[in-house]
Amino acid sequence: MDIRAPAPLGQVRVVLEPGEALHVLHPKTIVAFQGAPLQREDRVMDLANAYRKKKWIRSKLQGPADVLLGLPPGCALTVVDIEPDSDLLFDFKHVLFYTEGLTMRSRIQKIRTAWITRQWVRMKFSGPGKVGVVTAGDLASIPLHAGVPLFAESGSLVAFPERADVRLSVYGNTLASQHMNVQWELTGSGPALVQSGTKETGLADQLSGDGVVKRLLRELLPFGSVYIK
């Protein structure tokens with residue numbers, strides 16, 4: 001299987017050889033398919049546990065075929081190798097596709113964590129195989145340590161090891177903790193996958209020539225970002 005994703009073009013090209021198959025979880029991203037019509041089979045996918053009442057359509061594409069997938073503007077694709085002993089838990093919305101032979105199981109999150117993040121279920125894949133992950137910006141792999149915590153913005157954490165110690169937190173002094181989004185605090189071993197794209201507009205404002213006084217007033221005054229344009 002040949003997977004090519006030229007980042008500037010926002011496209012992914014997958015060449016499937018005979019006997020190979022790909023499961024695409026967002027079928028509307030399939031913008032072109034070159035192969036026999038019967039080599040695409042769409043199915044209703046019913047996930048267990050908290051997702052059992054919701055349904056998604058997934059497409060199974062079989063080789064030989066040439067597939068072109070389109071990505072949203074500003075997004076990138078990273079292909080993650082899944083080993084037989086992998087314990088990574090993925091945020092399901094980031095998974096674009098996975099290869100035939102992988103098994104997918106749901107993992108219920110802790111109630112307190114799920115209530116705050118609205119992420120009740122994460123997905124675990126057992127390999128060997130590959131998972132295509134779509135992210136805002138590039139995907140960084142950061143190794144975890146038992147004694148030094150990693151803090152990652154809650155909306156940017158794509159995957160983390162199931163055996164990691166994970167809790168919601170903020171960090172820094174009082175001013176820092178009051179002006180940041182909720183963070184995941186992770187310790188343990190294995191990689192954490194974090195997307196580097198951000199919705200923060202402060203840097204863009206600075207680059208566009210916003211004045212220093214305006215930026216300070218927005219950050220320091222209550223509701224400054226609402227009233228000061």
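In this structure the side chain of Asp91 reaches within 4.5 angstrom of the side chain of Arg122, judged on heavy atoms. For the pair Ile3 and Val12, the minimum side-chain heavy-atom distance is below 4.5 Å. Using a 4.5 Å heavy-atom threshold, the side chains of Thr99 and Leu22 count as touching. The side-chain heavy atoms of Leu150 and Phe160, taken from C-beta on, include no pair separated by under 4.5 Å. Using a 4.5 Å cut-off on side-chain heavy atoms (C-beta onward), Phe92 and Met104 make contact. Contact of the Val131 side chain with the Leu88 side chain is not registered, since no non-hydrogen atoms from C-beta on lie closer than 4.5 Å. Side-chain contact between Lys130 and Asp81 is present, with heavy atoms from C-beta onward closer than 4.5 Å.
No donor-acceptor distance shorter than 3.5 angstrom exists from the side chain of Ser196 to the backbone of Gly137, with no hydrogens or angles considered. Distance alone, capped at 3.5 Å, is enough to place a donor-acceptor pair between the Gln39 side chain and the Gln62 backbone. In this structure, the side chain of Gln183 does not engage the main chain of Glu185 through any donor-acceptor pair within 3.5 Å. In this structure a side-chain-to-backbone donor-acceptor pair under 3.5 Å is missing from Arg58 to Phe97. Looking only at distances, a side-chain donor or acceptor of Glu20 sits under 3.5 Å from a matching main-chain atom of Met1. Without hydrogens or angle criteria, Glu153 side chain to Val194 main chain gives no donor-acceptor distance under 3.5 Å. Under the 3.5 Å distance criterion, the side-chain polar atoms of Glu17 are left unmatched by any main-chain donor or acceptor of Gly63.
Heavy-atom minimum distance, Arg40 versus Ile30: NH1-CD1, 3.9 Å. Nearest approach of Asp42 to Ser59, heavy atoms of both residues: OD1-OG, 2.6 Å. Across every non-hydrogen atom of Ala76 and Asp138, the tightest pair is CB-OD1, 4.2 Å. Nearest heavy atom pair, residue Ala152 against residue Leu157, reads CB-CD1, 4.4 Å. Heavy-atom minimum distance, Arg13 versus Val15: NE-CG2, 4.0 Å. Between Ala176 and Tyr171, the shortest heavy-atom distance links the atoms CB-O, 3.9 Å.
Cluster annotation: Ile57 is not connected to Val31 through the hydrophobic network of ILVMFWY side chains, with a link wherever side-chain heavy atoms come within less than 4.5 Å. Note: the hydrophobic cluster containing Leu71 also contains Val79 (ILVMFWY, side chain heavy atoms under 4.5 Å, direct or indirect links). Leu68 and Leu96 fall into different hydrophobic clusters, where Ile, Leu, Val, Met, Phe, Trp and Tyr residues are linked whenever their side-chain heavy atoms come under 4.5 Å apart, directly or through other members.
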Exercise. Yes or no on side chain to side chain contact (heavy atoms under 4.5 Å, CB included) for Asp2 and Val14, after CA distance, side-chain angles and deciding distance?
Worked result: CA-CA 6 Å; Asp2 183 17; Val14 182; over 6 Å; no
Problem set entry | Derivation of the side chain to side chain contact (heavy atoms under 4.5 Å, CB included) call for Leu144 and Ser189 | CA-CA 5 Å; Leu144 299 180; Ser189 61; 5.7 Å; no
Problem set entry | side chain to side chain contact (heavy atoms under 4.5 Å, CB included) between Leu193 and Val133, worked out | CA-CA 10 Å; Leu193 305 183; Val133 177; 5.6 Å; no
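Applying the side-chain hydrogen bond (donor to acceptor under 3.5 Å, both in side chains) test between His23 and each of Glu100, Lys60, Arg43 identifies Glu100 as the sole match.
Considering CG of Asp165 and CG of Leu186, their distance stands at 8.5 Å, rounded to 0.5 Å. Atom OG1 of residue Thr78 and atom CD of residue Gln195 lie 10.0 Å apart, to the nearest 0.5 angstrom. We find the CG-NZ distance between Leu102 and Lys124 to be 12.5 Å, quoted to the nearest 0.5 Å.
Between Phe125 and Tyr98, the ring planes lie tilted relative to each other; the angle falls in the 30° to 60° range.
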